[in-house]
There are 2 protein chains.
Amino acid sequence: MAAVPRAGLTTERLVRAGADLADEVGFDQVTVSALARRFDVKVASLYSHLKNSQDLRTRIALLALEELADRAADALAGRAGRDALAAFADVYRDYARAHPGRYAAARLRLDPETAAASAGVRQAQMMRAILRGYDLPEPDQTHAVRLLGSVFHGYVSLELAGGFSHSSPDPQDTWAWILDHLDTLLRGRPAS
Amino acid sequence: MAAVPRAGLTTERLVRAGADLADEVGFDQVTVSALARRFDVKVASLYSHLKNSQDLRTRIALLALEELADRAADALAGRAGRDALAAFADVYRDYARAHPGRYAAARLRLDPETAAASAGVRQAQMMRAILRGYDLPEPDQTHAVRLLGSVFHGYVSLELAGGFSHSSPDPQDTWAWILDHLDTLLRGRPAS
DNA sequence: GCGCTTTCCTAAAATTCTTAGGCAACCTCC
DNA sequence: GGAGGTTGCCTAAGAATTTTAGGAAAGCGC
């Protein structure tokens, strides 16, 4: 009898392949069936490694949050102030552009306890670390964390949705303008 | 024979009901089947009024964009400066909180020509009208349009995703803080 | 080699999306 | 008021996805 080689499925590999699939065809096109096809395996086989379709999506989201946090941590090393702010912001923007499916996954609504155990927490901590350089008293610091989160997510999200495409000025210039003004705002001094 | 009363389906009614459904169960749970159940009608019957499932979602998105633009236009009447800015921002936030499914629909990626014919264009025009009160030269005005869009969308989106829940300070305070600082930023003078 | 666990399978049910074609209700026009 | 055309909703059917249940075989430890 022909030996039937194992495909070597693991939750890890499935989630990573699911993330790649998301980047290629969009997060909401990620399906257990498509993933099975990619591994040339029957659909039911995946259910030994994944609880269900939602479980797959959640795991991709957690992977994306980890990757984002890792990159942010790297980018922040040795930086402070405006430098740190820009580095952090660029990580977000670059990640979203390079991995739109993963980025969309990271925006998935997680139930509170899953969210609390995710790398999203690390991201918030890094944001606070950046803001320490601006010496804001509470509750301003928290307000600022929320503002930065909103701007970064909002901008990246709109740019990804094609909101700024084919229009001048260059989105890159807007990005720099925004970072400049955020820096100024956090310093409490007027823009040039 | 028992008279079989017509359900009175129209594209209009279906889209409105679909939007309500989105608010109740989430935009991505909006399905042709669920909509048919709601009208107590067979699924295939909807295909006389809707091209397909994607068509339904697109129409809900366009409805939401119209509603948002209408509310924004109402809110802006007779206002200028910081007042107009806050009124516009509150329309977004309030709409998203009252109609989360519709708001999610409004974030749907539309193909460029559909987007160009949507009420999204009116929203951008209103944003520029608000900014005329701040007297910004180009390209700063465009940068500012993008910044405001990012902040409004980003904040509302994060708040809706539960990002600020159960944490102090009150999100309402953050919202006011952000609007204050945006106003200041646009004026080019330091915050108090 | 012998069992045990893991891995992947077949089979089957439920749900959704979509198209094709039919009958009956309604509107128009004589 | 009936004839004919149009519209509205139907039945039927196929394809895809999700999920569960249970089976066979591969590879591990002894």
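So you know, we letter chains A, B, ... as the sequences are listed, proteins then strands, and number each from 1. Remember, predicted model here, so these are calculated numbers, not experimental data.
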Side-chain donor/acceptor pairs under 3.5 Å, residues 124-133 of chain A, sequence neighbours excluded:
unit_1	atom_1	unit_2	atom_2	d
A:Arg128	NH1	A:Glu138	OE2	3.1
A:Arg128	NH1	A:Gln141	OE1	2.9
A:Arg128	NH2	A:Thr142	OG1	3.2

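Looking at A:Arg146, its side chain never comes within 3.5 Å of a backbone N or O of B:Thr174 through a donor-acceptor pair. A donor-acceptor pair is defined here as one N or O able to donate and one able to accept, closer than 3.5 Å; such a pair exists between the side chain of A:Asp23 and the backbone of A:Arg102. Put simply, the side chain of A:Arg79 gets close to the backbone of A:Ala75: a donor and an acceptor are under 3.5 Å apart. For A:Thr11 (side chain) and A:His49 (main-chain N/O), a donor-acceptor pair under 3.5 Å exists by modelled atom type.
With a 6.0 Å cutoff to the six-membered ring centre and a 45° limit on the axis angle, A:Arg71 does not count as a cation-pi contact of A:Tyr95.
For the pair B:Asp28 and A:Asp28, the minimum side-chain heavy-atom distance is 4.5 Å or more.
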Apply side-chain hydrogen bond (donor to acceptor under 3.5 Å, both in side chains) to the pair A:Arg37 and A:Ser33, showing each step before the final yes or no.
CA-CA 6 Å; A:Arg37 274 193 294 276; A:Ser33 297; 5.1 Å; no
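Looking at residues two or more places apart in sequence or on another chain, you find no ring pair (Phe, Tyr, Trp, His ring centres under 6.0 Å) involving A:Phe27.
Rounded to an integer number of Å, the gap from OH of B:Tyr47 to P of D:dA15 is 16 Å. Put simply, CG on A:Leu9 is 21 Å from P on C:dT5, counting in whole angstrom units. Across the protein-nucleic acid pair, B:Gln29 atom CD and D:dT18 atom P stand 13 Å apart, rounded to whole Å. Atom pair B:Leu35:CG and C:dT18:P shows a separation of 13 Å (rounding to whole Å applied).
For residues 50-62 of chain A, proximity to DNA chain D is found at A:Asn52, A:Ser53, defined as any non-hydrogen atom under 4.0 angstrom from a strand atom. Only A:Val41, A:Lys42, A:Ala44, A:Ser45, listed by number, bring a heavy atom of residues 38-45 of chain A to less than 4.0 angstrom from any atom of DNA chain C.
Not one side-chain nitrogen or oxygen of B:His49 sits closer than 4.0 Å to the OP1 or OP2 atom of D:dT7.
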Dump every N/O contact between nucleotides 12-16 of chain C and the protein below 3.5 Å, one line per pair.
unit_1	atom_1	unit_2	atom_2	d
C:dT16	OP1	B:Arg37	NH2	3.4
C:dT16	OP2	B:Arg37	NH1	3.3
C:dT16	O3'	B:Thr31	OG1	3.0

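Look at A:Glu12 and A:Arg16 and you find a salt bridge, because one of the NZ, NE, NH1 or NH2 atoms lies within 4.0 Å of a carboxylate O, short of that distance. Ion pairing between a basic and an acidic side chain is recognised when a charged N comes within 4.0 Å of a carboxylate O; B:Arg97 and B:Glu159 show such pairing. Using a 4.0 Å cut-off between charged side-chain N and carboxylate O, B:Arg122 and B:Asp70 make a salt bridge.
In the helix from C:dG1-D:dC30 to C:dC30-D:dG1, the end axes, each obtained as the rotation axis mapping the C1' atoms of four pairs onto the next four within a five-pair block, lie 10° apart to the nearest 10 degrees.
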